[in-house]
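Residue numbering restarts at 1 for every chain, and letters A, B, ... go by the order of the sequence lines. Every value quoted in this text rests on a predicted model; they were computed, and no experiment measured them.
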Number of protein chains: 2
Amino acid sequence: MDESTELLAVRVAELYYEENKTQDEVGALLGITRWKVGRLLTRAREVGIVRIEIIHPRARRLDVERQLRERFGLKDAVVVPLPADDEEVSPRVAQAAADYLAAVRPVPRSLGVSWGRTLDEVARLLAPGWTVGVQVVQINGGVSLNSKQGTAAQTAVTIAQKGHGQATLLPIPAILEQVETKRAIERDRAVASVRALGASASAYLYSAGVAGASSVHVDSGYLTEADVDELVAKGAVGDVVGRYIDSAGEIVDTALDERTVGIGLDELRAAEHAIFVVAGDAKHDVARAVVTSGLCSVIVTDEATAHALLEETT
Amino acid sequence: MDESTELLAVRVAELYYEENKTQDEVGALLGITRWKVGRLLTRAREVGIVRIEIIHPRARRLDVERQLRERFGLKDAVVVPLPADDEEVSPRVAQAAADYLAAVRPVPRSLGVSWGRTLDEVARLLAPGWTVGVQVVQINGGVSLNSKQGTAAQTAVTIAQKGHGQATLLPIPAILEQVETKRAIERDRAVASVRALGASASAYLYSAGVAGASSVHVDSGYLTEADVDELVAKGAVGDVVGRYIDSAGEIVDTALDERTVGIGLDELRAAEHAIFVVAGDAKHDVARAVVTSGLCSVIVTDEATAHALLEETT
DNA sequence: GCACAATCTGCTCATCTGAGCAAGCACCCC
DNA sequence: GGGGTGCTTGCTCAGATGAGCAGATTGTGC
């Protein structure tokens, strides 16, 4: 578009968008036909002279969502625009996840949830009465070795309460020290029934952790920093429902995995609704692993993460 | 607009503006009628959920312009949006003034110009061939006591050259030391004819200076800092074509004014096209004086100045 | 509980707008 | 100069849209 056309386009855009004149009037005013006015407006929008923005905390990036769906064969994707303030990213994503959950159709009768800071936020932001009579099941062992004890349970309970339903907890350690102990525990009737309930949930909601010193597993004492370093050395990018995966979405350390209580990755992969919530730049790698390996059917994330996933040169 | 309506509006806006669906389609998708969709869009625009911006260096603020015209009874007003960079303000305003000048109809046969940094910029940015055969006349005495000598002439000459016309200069001091000298000079045939030419110009283009130590008059030696301080004490807010005025647009110091060479303020007030160019926060006060006292019929300025003028609680 | 006002809703209709098309035009290569 | 080739222009026409209206709904004060 050359200089003078551009100037004309600006003039046209002003009269049309700011003065609310019709294309006809603008044309008459500037001595051009209304078709030319229409075309100039189209170009002005394309070129970026005219920018139309939707400014709202709950706004989404539908174009990016479509790309994600197509690229990774997802059932759905929710992408929230990046707020000006970094601090705002995770609340926005959590809010979006809460909104999404409340809008899932058919309404999930039972919901399998993992736990963590992200999910906790989702639970907090969920609208009271988001559904009626939901059965919430914890799908992986909860933290119980340290002070934050109870957060895992809290998340599930909050989601259940707000959905006028009830929560079924899995109040056992996330990772056990001996494979035998784990097997023994899983044979326990109570535990087994919770596992069964979890396995048959009509939807799953979970997040992912980054493999690093700040991992909840280190924080809560299940793993040492050295353990995590080793996992990273073996290619771990993060954990999903307590299980560490590499960039291909494969279990990194089968021995460790054998000691981990909770739903298996294959069960997630087979699920109808596996809603994955991730926010923040640190989680780009895990997010990519999850998405490319088909661990989720729905992703809820922020724009930066979405772009990181799409920029892949695959 | 309550929470849920707002959310709906966002959803509607996204589908309509980002996904380019028709209002009908959006309605079908969200289970509402197309009229409701239309109304939600209107509201979303009003409330600011949807913002339509025109991003271009030559863009203008037509709504503000209208307010200025109505409020001060101006024939016309040009307001440019504030660029992100403060440095950019005066070039933008100058560009707008140049554009405006080139577009004035009927085309001015003779143009009276003052001088200064602003006008110099306008001259530089004026498009070559902006008109044909214009007669440019300097309307107030030029700087001639210091190194910047010649800028005043330069401005007029540039404007004339680019308009394929010729410039008539007023190569005498802006302010003389004795009233008698001033009177004598004005009686000079050559000078008188220039003054007459200036008085009969079909349009005027000028700016204003701020009364302060940084004034061109101090800079060029016509006045001392003490002189200016005294003027300020008497209520001066700035100068227009070399004449210091107070906030009411009245001459502050008649004795000084008597020694000032050039067009009189009343001649400006009576002019058909008196185009006043001002940019920058420092000039809000002078701008207000000029505009409220009817010294100009057209103002070209930046958004901040325009708002300052309008915010007046009059 | 009732009447009134204010708002909201779905509608008709006139107007506005974009898709698609054929003619017009500039540019380019021979 | 001739004959493409690709872009621009003005047009038709169908579909999209907003103004204005009457009935429905909600809220409010008595």
Side-chain angles (χ1 to χ4, degrees), chain A residues 1-56 58-63 65-66 99 102-103 127-129, chain B residues 1-56 58-63 65-66 70 99 103 127-129:
Chain A
M1 182 145 66
D2 68 352
E3 174 83 9
S4 64
T5 315
E6 192 170 310
L7 233 54
L8 190 60
V10 171
R11 197 100 196 85
V12 163
E14 288 172 337
L15 292 168
Y16 185 75
Y17 286 113
E18 296 190 342
E19 299 287 280
N20 292 316
K21 300 195 180 302
T22 71
Q23 297 188 1
D24 232 353
E25 289 174 311
V26 175
L29 224 48
L30 302 179
I32 52 183
T33 63
R34 72 184 184 77
W35 297 285
K36 189 156 183 179
V37 171
R39 282 190 259 256
L40 281 170
L41 285 171
T42 308
R43 284 231 269 170
R45 259 171 279 140
E46 284 168 358
V47 173
I49 291 178
V50 170
R51 185 186 297 167
I52 301 182
E53 274 181 295
I54 296 171
I55 301 163
H56 195 281
R58 307 272 257 258
R60 292 165 49 180
R61 299 301 317 271
L62 306 182
D63 50 333
E65 295 178 359
R66 187 176 343 93
D99 289 351
Chain B
M1 182 145 63
D2 68 352
E3 174 84 9
S4 65
T5 315
E6 192 169 312
L7 233 54
L8 190 60
V10 172
R11 198 101 195 82
V12 164
E14 289 173 337
L15 292 168
Y16 186 74
Y17 286 113
E18 295 189 343
E19 299 287 279
N20 292 317
K21 299 195 180 302
T22 71
Q23 297 187 2
D24 232 354
E25 289 174 310
V26 174
L29 224 48
L30 301 180
I32 53 183
T33 63
R34 73 183 184 76
W35 297 283
K36 189 157 182 176
V37 171
R39 282 189 259 257
L40 281 170
L41 286 171
T42 309
R43 285 231 271 170
R45 259 172 276 138
E46 284 167 358
V47 175
I49 290 177
V50 170
R51 185 187 298 168
I52 301 182
E53 273 181 296
I54 296 170
I55 300 164
H56 195 280
R58 307 274 256 256
R60 292 165 50 179
R61 298 301 317 270
L62 305 182
D63 52 332
E65 296 179 359
R66 189 180 338 96
E70 286 167 8
D99 288 351

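- Atom CD of A/Gln23 and atom P of D/dG15 are 19 Å apart (whole Å).
- Using a cut-off of 4.0 Å between Lys/Arg side-chain N and Asp/Glu carboxylate O, B/Glu46 and B/Arg43 are scored as not salt-bridged.
- A close approach under 4.0 Å does occur between a side-chain nitrogen or oxygen of B/Thr33 and OP1 or OP2 of C/dG10.
- When distances run from any side-chain atom of A/Arg39 to the nucleotides D/dG20, D/dT9, C/dA19, the shortest one goes to D/dT9.
- What separates CZ of A/Arg34 from P of D/dC13 is a distance of 13 Å, to the nearest Å.
- Taking the charged nitrogens against the carboxylate oxygens, A/Arg66 and B/Glu19 do have a contact shorter than 4.0 Å, which makes a salt bridge.
- B/Asp24 places its CG atom 18 Å from the P atom of C/dT17, with the value rounded to the nearest Å.
- Of all nucleotides listed (D/dA16, C/dA19, D/dT9), D/dT9 comes nearest to the side chain of A/Lys36.
- Note on B/Tyr16: a side-chain N or O is less than 4.0 Å away from OP1 or OP2 of D/dT17.
- One cannot find a donor-acceptor pair under 3.5 Å joining the base of D/dT8 and the side-chain atoms of A/Trp35.
- Following rounding to the nearest Å, B/Leu8 (CG) and C/dT9 (P) show an atom-to-atom distance of 10 Å.
- Distance B/Arg45 CZ to D/dT17 P: 10 Å, rounded to the nearest Å.
- Screening A/Val50, A/Val37, A/Leu7 for a side chain to side chain contact (heavy atoms under 4.5 Å, CB included) involving A/Val12 leaves a single residue, A/Val37.
- Of the candidates C/dC8, C/dG10, C/dT17, C/dC8 carries the atom nearest the B/Arg43 side chain, counting heavy atoms from C-beta on.
- Rounding to whole angstrom units, CD of residue B/Glu25 and P of D/dA16 are separated by 7 Å.
- Atom CG of B/Leu40 is separated from atom C1' of D/dT17 by 15 Å (rounded to the nearest Å).
- Atom CG of residue B/Leu41 and atom CZ of residue B/Arg34 lie 12.5 Å apart, to the nearest 0.5 angstrom.
- The CG atom of B/Asn20 sits 19 Å away from the P atom of D/dG15 (whole-angstrom rounding).
- Using modelled atom types, one finds a donor on one side chain and an acceptor on the other under 3.5 Å when comparing B/Arg45 with B/Tyr17.
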